[in-house]
Number of protein chains: 2
Amino acid sequence: MRLSTKGRYGVKAMFDLALHGGETPLSLKTIAERQEISEPYLEQLIATLRKAGLVKSVRGAYGGYLLARHPEQITVGSIIRSLEGSIAPAECVSEMDPIECERAENCVTRILWEKIRISIDNVIDSITLQDMINDYDEMCGQDNMYYI
Amino acid sequence: MRLSTKGRYGVKAMFDLALHGGETPLSLKTIAERQEISEPYLEQLIATLRKAGLVKSVRGAYGGYLLARHPEQITVGSIIRSLEGSIAPAECVSEMDPIECERAENCVTRILWEKIRISIDNVIDSITLQDMINDYDEMCGQDNMYYI
DNA sequence: ATAATCTTGACAATTTTACTCGGGTATGCT
DNA sequence: AGCATACCCGAGTAAAATTGTCAAGATTAT
Ligand code: FES
Ligand code: FES
């Protein structure tokens, strides 16, 4: 039940965009260096995020990436789901491509996997990038340092 | 965020023991056939469950496995955790072997992973094998058939 | 023009998963 | 005692997923 680096890096990159981004785009290089992610790898991930409509890209010199929406309108659920697919403990309870098991209608464990999936969904869909920024501000509020 | 077959088969096997087991032990072969799991593979898994103190074994002819405790005293959390390790979305928030990331004290995503982990823990620790049996009874209550 | 940057697709190393296999050990039954 | 039925243990292995790398092209500010 570990999230792969795709999902983890993706959230980190999106958080970086939410924290340091604004009107002017952030280059991939900047994000990759600050979050310590391999640049060519992040390239792949952010391409997925772009296709999912979570970031906008600006090509050419001084280009880069911008959040497609405001931080309070982007949930970590949408980020993780776009990079990892449905976060289902078993394929048969996936929202996107529910591969049916045989004997599915009589399967008790299926009920269990569904409960777990729903619980995860509830958490990740209820947390937005803005919530993370708030956590962040609270975390380094006293000394007013600018971490990461 | 998919559970591996270890966790899934483990829960299935334990549920089988809870449903069909009793005073006399169930042989590995019986469980493996009923749940459609490779017998030598299940052998590995149940060895882990035995070491975790979730099942007792009876060696020799007419031997097999028994639940170590009553179904209402065994949570699916304990089963999954013994087979898969801590169900942490990132290593740094694992309960068992929390491999610290660098910059951990300033990491915002860590708060997120922790929230996810806690939510999963809450679900799987609140569901026992007895709960699954109840779900099962309810599921095939009308026609009184004995599935699986 | 040119440098910076995104875009795309293919490729490769490493790790994990999901098993298999072979032989050993304990126990009930006849 | 001897045999069949089980559990017990450790090694090995093929396939899949993960985690990247790399090269060449397209776009745009300056
Ligand atoms: S595990 Fe998929 S229906 Fe039972
Ligand atoms: S991801 Fe582990 S501390 Fe940030």
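Side chains included, hydrogens not; waters and symmetry mates left out as well; all remaining heavy atoms used.
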* Exercise: do B:Ser119 and B:Asn122 side chains pair donor with acceptor under 3.5 Å -> no
* Look at A:Lys29 together with A:Glu39 and state whether they make a salt bridge at an N to O cut-off of under 4.0 Å. => no
* Counting only non-hydrogen atoms, which of residues 37-46 of chain B are less than 4.0 Å from DNA chain D? -> B:Glu43, B:Gln44
* Rounded to the nearest Å, what distance is computed from the OH atom of residue B:Tyr62 to the P atom of nucleotide C:dT30? -> 7 Å
* Between D:dC8 and B:Ser57, is there an OP1 or OP2 to side-chain N/O distance shorter than 4.0 Å? -> yes
* **Nearest-angstrom distance from the residue atom CZ of A:Arg2 to P of D:dA17** => 15 Å
* 5'-most by nearest nucleotide on DNA chain C - B:Lys6 or A:Ser27 -> A:Ser27
* Check: A:Arg59 side chain, C:dT5 base, donor-acceptor under 3.5 Å -> no
* Return no unless some side-chain N or O of A:Arg50 is found under 4.0 Å from OP1 or OP2 of C:dT8. => yes
* Asked: Given D:dC8, is OP1 or OP2 found less than 4.0 Å from the side-chain N or O atoms of B:Tyr65?
  -> yes
* Does D:dT19 have OP1 or OP2 sitting under 4.0 Å from an N or O in the side chain of A:Tyr9? -> no
* Do A:Ile80 and B:Met1 touch side chain to side chain, with heavy atoms closer than 4.5 Å? -> no
* Asked: A:Ala61 has a side chain; which of D:dC8, C:dC29, C:dA3 sits nearest to it?
  -> C:dA3
* Asked: Got a salt bridge between A:Lys115 and B:Asp135, using NZ or NE/NH1/NH2 to carboxylate O under 4.0 Å?
  -> yes
* Test: B:Glu36 and B:Lys12 ion pair at under 4.0 Å -> no
* To do: For A:Asn134 and A:Glu138, run side-chain hydrogen bond (donor to acceptor under 3.5 Å, both in side chains): C-alpha distance rounded to whole Å, both residues' side-chain angles, the deciding distance at 0.1 Å, then the answer.
  => CA-CA 6 Å; A:Asn134 294 345; A:Glu138 200 175 327; over 6 Å; no
* Structure fact -> Assert: residue with more 5' nearest nucleotide on DNA chain D, out of A:Arg8 and A:Gly60, is A:Arg8
* To do: Measure from NZ on A:Lys12 to P on D:dT19 and round the result to the nearest Å.
  => 13 Å
* Distance, rounded to the nearest Å, where A:Leu49 contributes CG and C:dC6 contributes C1' -> 14 Å
* Asked: Hey, quick one: are A:Tyr41 and A:Val55 part of the same hydrophobic cluster, counting side-chain heavy atoms closer than 4.5 Å, chains of contacts allowed?
  -> yes
* To do: Round to the nearest Å and state the distance from A:Leu83 atom CG to D:dT18 atom P.
  => 12 Å
* **Residue-phosphate contact under 4.0 Å: A:Ser4 side-chain N/O, D:dT19 OP1/OP2** => yes
* **Distance, rounded to the nearest Å, where B:Gln35 contributes CD and C:dA18 contributes P** => 17 Å
* Rounded distance (Å) that lies between atom C1' of C:dT7 and atom NZ of A:Lys56 -> 19 Å
